[in-house]
There are 2 protein chains.
Amino acid sequence: MLKSCSARSSAKRSAILDAAQRCFLEHGYASTSMDTVAATAAVSKATIYAHFQSKDQLFAAIIHRRCDSLACAADALEVSEITDARATLTTLARQLMSMLLDGDVLCIYRMVVAESSRHADLARTYFEAGPTRGKQRLSKTLDALVSKGLLQIDDTWLAMDQFIGMLRGEHFHRALLGLPAGDRTDLERTIEGAVETIMRAYAPRA
Amino acid sequence: MLKSCSARSSAKRSAILDAAQRCFLEHGYASTSMDTVAATAAVSKATIYAHFQSKDQLFAAIIHRRCDSLACAADALEVSEITDARATLTTLARQLMSMLLDGDVLCIYRMVVAESSRHADLARTYFEAGPTRGKQRLSKTLDALVSKGLLQIDDTWLAMDQFIGMLRGEHFHRALLGLPAGDRTDLERTIEGAVETIMRAYAPRA
DNA sequence: GTCTATAGAGCGATAGAC
DNA sequence: GTCTATCGCTCTATAGAC
């Protein structure tokens, strides 16, 4: 079995990317040194610079890689059987919430927010791979509910924005800031509340 | 007129605080050096350390000061005359949105998010002075609407969370990440949409 | 490509004169 | 309190041997 010898697929390169990801996610961009990355990857600092032009470009590579997996996660948001609006919305909400509250997802979000003014291009890449792509995917499900007559929505994009916004309420907010989280009951109330409000606001009229 | 000679009120101290605030808000905590703060304040670095024990404590002082003004802004959220639910919610939404989209408020929010893992206490202070205090203030208005029979809400805290969440949708999200903002029409649609959804979900039943 | 060693700049924080 | 000067350290990035 021939192993590709291109720089992009070397084992060291992967080790560097994995280590850098862990360091950046854990300590943030500005607070992570290349020495730390090198030590974590069990590689010399010079080796890092053989693969990546600068710390900035290493950071960009990490964010892009995370965005890819974020896009995959966004595409995975789906409800197989659509027969009941409430059940569909609840399933969607649960999927979305567990994604939003995921530790790594929160970390990359914190980092993108933190560096958005200094890395505007990365902020845009992230926004398209994550929130926008996720919303597009979820809007389809909402469209399906509408076309089945289970909900009556003029602007499904707006409705989706509202649904997601309600889910990103206090519970999410506390998690983002690393504050003691509300319990499971609190999470359930957020989910059920968002579903209930959408149901009432967009119920088909008689 | 006697001038207080306590360290807390010296002119230099104020200059340092103002300069540090500008630097931190503009470039973030980790990317701002004490030399930059000193130069911006037109003060020597040693003078800064005469007033503040460390960079961390200077940062804390800035955040606490911003939290005070954030709390004042939160307390200012109010609707004088409450006769119509829709009008009241719209006024509330406009006030809240212009506060959320304010440049300095966004900057401090980015910074708190960025440093939340390294400055957990500041994240908590911020959360209480900003989001929580604002929500408490706004919930009172919602309570007033309920007691007047203009809305029917079991859990006003949840309803407020939902209302704010809908306002913190894509428009806000783009502003937070410094992406090209939606236009004024987009903003209006977000506000009207949130009001309409709350109106429908919590309309008094016959 | 990968290492060791180090350059060269910038950092937070302090000493000591006034 | 405020300054100038500087310490001691860490940083990003590179040079040169292999």
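Quick note on labels: first sequence line is chain A, next is B, and so on, each numbered from 1.
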request  = State plainly whether the residues B:Glu188 and B:Arg94 are in salt-bridge range, i.e. N to O under 4.0 Å.
outcome  = yes
ask   = What residues in residues 23-35 of chain A put a non-hydrogen atom under 4.0 Å from any atom of DNA chain D?
value = A:Thr32, A:Ser33, A:Met34, A:Asp35
inquiry  = What I'd like to find out is whether the side chain of B:Asp155 reaches to under 4.5 Å of the side chain of A:Arg189, using heavy atoms alone.
reply    = yes
key: The single option from B:Asp161, B:Asp143, B:Thr141 passing side-chain hydrogen bond (donor to acceptor under 3.5 Å, both in side chains) against B:Thr156   = B:Asp143
ask   = Going by heavy atoms closer than 4.0 Å, what residues in residues 52-63 of chain A are next to DNA chain C?
value = none
query = Has B:Lys55 got its NZ or CZ under 6.0 Å from the middle of the six-membered ring of B:Tyr29, at an angle within 45 degrees of the ring axis?
reply = yes
inquiry  = Quick check against the 3.5 Å criterion: does B:Arg118 have a side-chain atom that pairs as donor or acceptor with the backbone of A:His27?
reply    = yes
task = Look at the side chain of B:Thr32 and the backbone N and O of B:Cys23, then say whether any donor-acceptor pair between them is shorter than 3.5 Å.
result = yes
request  = With A:Ile16 as reference, evaluate A:Ile62, A:Ile48, A:Thr40 under the side chain to side chain contact (heavy atoms under 4.5 Å, CB included) test and give the passing residue.
outcome  = A:Ile48
ask   = Just how far, in rounded Å, is C1' of D:dG1 from CD1 of B:Ile16?
value = 10 Å
Tabulate protein N/O versus nucleotide N/O from nucleotides 3-6 of chain C, keeping only pairs under 3.5 Å, one per line.
unit_1 : atom_1 : unit_2  : atom_2 : d
C:dC3  : OP1    : A:Lys12 : NZ     : 3.4
C:dC3  : OP2    : A:Ser44 : N      : 3.0
C:dC3  : OP2    : A:Ser44 : OG     : 3.3
C:dC3  : OP2    : A:Thr47 : OG1    : 2.4

message = For A:Asp154, I'd like to know if atom CG has over 12 heavy atoms of other residues, nucleotides or ligands within 6.0 Å.
response = no
query = Looking at A:His173 versus A:Tyr109, is the centre-to-centre ring distance below 6.0 Å?
reply = no
query = Is there a donor-acceptor contact under 3.5 Å linking the side chains of A:Gln162 and A:Tyr202?
reply = yes
